[in-house]
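As structure tokens, the structure follows; a few thoughts come after it.
Letters A, B, ... are given to chains in the order of the sequence lines, protein chains preceding strands, and every chain is numbered from 1. Scope of the values below: all heavy atoms of this structure, side chains included, with no hydrogens, waters or symmetry mates. Not measured: the values here are computed from a predicted model.
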Amino acid sequence: MPELPEVEVTKKALESALKKTSITGVNIRNKKLRWPVEEKKIRNIIHSDIKKIYRRGKYILISCENGALILHLGMSGSIGIFDKNSKYHKHDHVEFILKNKKVVRLNDPRRFGCAVWTNERPEEHKLIKSLGIEPLDEKALGEYLFTMSRSRKAAVKNFIMNSNIVVGVGNIYASESLFRSGINPIRSSSRISKQRYRKLGEEIKRVLSEAIEMGGTTLRDFTYYNEVRQIGYFKQKLFVYGRSGEECKKCSGLIKDRIIAGRNSFFWPKCQT
DNA sequence: AAACGACCCTGAAAGC
DNA sequence: TGCTTTCAGGGTCGTT
């Protein structure tokens with residue numbers, strides 16, 4: 001569920017929750033996530049000075065004086081902030097107890113997410129170090145994509161979803177940005193002009209920024225903040241994702257879907273060549 | 001080096 | 001209604 005915008009929104013919530021307070025306890029209720037949650041290591045965060053909370057790709061990094069916590073929401077993860085005594089939800093696996101009597105809970109039904117402690121600089125950690133560029137920080141995203149794509153013949157949709165190339169573009173925003181730039185998702189990434197990549201780069205940035213503004217897309221997932229269910233509204237802005245059989249918003253043709261490299265993909269060939 | 005499929009897991013939705 | 005099947009927003013790993 002969570003792609004870059006959803007993770008960014010989550011990161012901001014976490015940042016405000018941890019501001020002017022500190023973590024006084026850690027509670028691992030289920031350590032079976034993507035990698036075993038190592039409680040002993042994670043307890044390093046207790047009473048530690050939190051220097052910075054930031055996002056790298058779809059990872060949330062909480063960097064402390066003595067190391068860093070690396071969080072990922074996988075396909076179904078969310079983070080909620082609650083009062084200390086509030087009831088657990090099913091699948092609340094990792095809990096941080098705050099000095100201000102609040103708690104931060106990582107909930108993840110499918111358990112594809114992770115909570116990993118590292119003593120290294122987080123940028124050096126193996127989950128982080130080979131990640132590609134941040135699309136929103138890159139001025140010349142299109143030029144970069146063009147250069148990186150020359151030797152690759154996989155479908156352009158897979159190419160932009162490759163987190164070693166560019167981070168944060170998941171299945172929804174890949175389909176959306178390709179529609180917006182008029183590029184057929186099946187087209188080989190090495191056979192697209194620089195000019196078209198410039199357009200694609202701009203549309204990737206635009207769609208991600210707009211989604212962040214609107215609080216993310218949210219299909220089935222949701223997150224909680226102070227007991228209030230937070231929903232993103234970007235779904236209303238989707239041109240193609242999840243709309244197969246419905247009308248194209250540009251030309252009134254019917255949106256198609258097709259599996260590309262194992263992932264469902266949505267597009268309308270007449271508007272995407 | 002790059003591309004592909006299998007796999008990790010639960011639950012919502014669709015199918016019967 | 002209720003049981004079964006299919007599918008889901010991600011990423012890693014092993015194999016071609």
Side-chain angles (χ1 to χ4, degrees), chain A residues 1-10 29-37 55-60 70-79 89-94 106-116 125-132 145 147-178 185-191 204 207-208 211-212 214-223 230-235 237-245 257-266:
Chain A
M1 67 119 54
E3 299 185 36
L4 187 150
E6 292 73 25
V7 178
E8 179 68 19
V9 169
T10 301
R29 305 181 71 234
N30 183 353
K31 62 180 177 186
K32 287 191 275 184
L33 300 189
R34 184 70 179 80
W35 291 284
V37 181
R55 180 187 58 71
R56 180 76 178 92
K58 293 169 191 162
Y59 290 91
I60 295 172
I70 302 174
L71 300 174
H72 196 288
L73 302 176
M75 291 273 259
S76 56
S78 62
I79 284 175
H89 294 91
K90 196 173 183 183
H91 308 299
D92 280 341
H93 305 312
V94 178
L106 173 63
N107 184 287
D108 185 3
R110 291 175 75 181
R111 292 188 275 117
F112 293 168
C114 71
V116 173
H125 191 273
K126 68 167 185 177
L127 292 173
I128 307 297
K129 72 177 176 193
S130 59
L131 292 177
L145 292 174
T147 305
M148 296 298 282
S149 64
R150 291 310 84 188
S151 58
R152 292 172 178 263
K153 68 184 244 310
V156 61
K157 174 165 179 272
N158 303 326
F159 175 67
I160 61 173
M161 287 177 69
N162 182 341
S163 60
N164 296 133
I165 303 290
V166 57
V167 296
V169 183
N171 209 28
I172 296 178
Y173 300 113
S175 281
E176 291 300 312
S177 58
L178 287 164
I186 309 161
R187 181 177 283 275
S188 166
S189 53
S190 63
R191 298 193 56 226
I204 287 173
V207 74
L208 294 176
I212 291 170
M214 299 189 73
T217 296
T218 297
L219 300 181
R220 290 186 195 127
D221 66 300
F222 52 85
T223 188
Q230 305 290 305
I231 321 179
Y233 290 95
F234 194 72
K235 188 176 181 196
K237 296 268 185 177
L238 297 176
F239 282 97
V240 286
Y241 187 87
R243 297 189 65 247
S244 53
D257 64 326
R258 161 167 182 173
I259 307 291
I260 305 174
R263 308 295 298 276
N264 212 352
S265 311
F266 301 88

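Atom P of nucleotide dA1(B) and atom NZ of K153(A) are separated by 17 Å, given to the nearest angstrom. Residue L127(A) contributes atom CG, which lies 13 Å from atom C1' of dC13(C) at whole-angstrom precision. In this structure, H89(A) atom NE2 and dG11(B) atom P are separated by 14 Å, rounded to whole Å. In this structure, the CD1 atom of I186(A) is 17 Å from the C1' atom of dA3(B), given to the nearest Å. One interatomic measurement links the two molecules: CG of N171(A) to P of dC7(C), which rounds to 14 Å at whole-angstrom precision. If you measure from atom CD of E3(A) to atom C1' of dA8(C), you get 12 Å, rounded to the nearest angstrom. Look at CG on N162(A): it is 12 Å from C1' on dA1(B), rounded to the nearest Å. Taking atom CD1 of I259(A) as the reference point, atom C1' of dA8(C) lies 11 Å away to the nearest angstrom.
Here the nucleotide nearest the side chain of K126(A), chosen from dT10(B), dG11(C), dC13(C), is dC13(C). Considering only the side chain of R34(A), dG10(C) comes nearest among dC4(B), dG10(C), dG11(B). The side chain of S151(A) has dA2(B) as its nearest neighbour among dG10(C), dA2(B), dA8(C). Closest to the side chain of R110(A), from the set dG10(C), dC9(B), dT12(C), is dC9(B). Minimum atom distance to the side chain of F112(A) is reached by dC9(B), of the listed dC9(B), dC4(B), dT10(B). In this structure, of dG10(C), dC4(B), dG11(B), it is dG10(C) that holds the atom nearest to the side chain of M75(A). The side chain of R111(A) sits closest to dT10(B) out of dG11(B), dT12(C), dT10(B).
Residues G113(A) and L33(A) come closest through the heavy atom pair O-CB, 3.3 Å.
Here the side chains of V167(A) and K58(A) are not in contact, with every heavy-atom distance at 4.5 Å or above.
Across all strands, G262(A) comes closer than 4.0 Å to no nucleic acid atom at all (heavy-atom distances). Among the atoms of the strands shown, none is found under 4.0 Å from any heavy atom of F159(A).
The closest donor-acceptor contact from the side chain of S189(A) to the backbone of R152(A) lies under 3.5 Å.
Across all strands shown, dC8(B) forms a Watson-Crick or G-U wobble pair, both distances under 3.5 Å, with dG10(C).
The side chain of R263(A) contributes an N or O atom lying less than 4.0 Å from OP1 or OP2 of dG10(C). Checking the phosphate oxygens (OP1, OP2) of dG11(C), a side-chain nitrogen or oxygen of H72(A) falls inside 4.0 Å. Contact check, K90(A) against dG11(B): a side-chain N or O comes under 4.0 Å of OP1 or OP2. Within the 4.0 Å cut-off from OP1 or OP2 of dG11(B), at least one side-chain nitrogen or oxygen of H91(A) is found. K58(A) has a side-chain polar atom (N or O) that falls below the 4.0 Å cut-off from OP1 or OP2 of dG11(C).
One C1' atom belongs to dC8(B), the other to dT4(C), and the distance between them is 22 Å to the nearest Å.
Checking Y173(A) against T217(A) by side-chain atom types alone, a donor-acceptor pair falls below 3.5 Å. Counted by atom type alone, N171(A) and K157(A) present one or more donor-acceptor pairs between their side chains at under 3.5 Å. Using modelled atom types and a 3.5 Å distance limit, the side chains of S76(A) and D108(A) yield a donor-acceptor pair.
For N264(A) and S163(A), each mapped to the nucleotide of DNA chain C holding its nearest heavy atom, the one lying further toward the 5' end belongs to N264(A).
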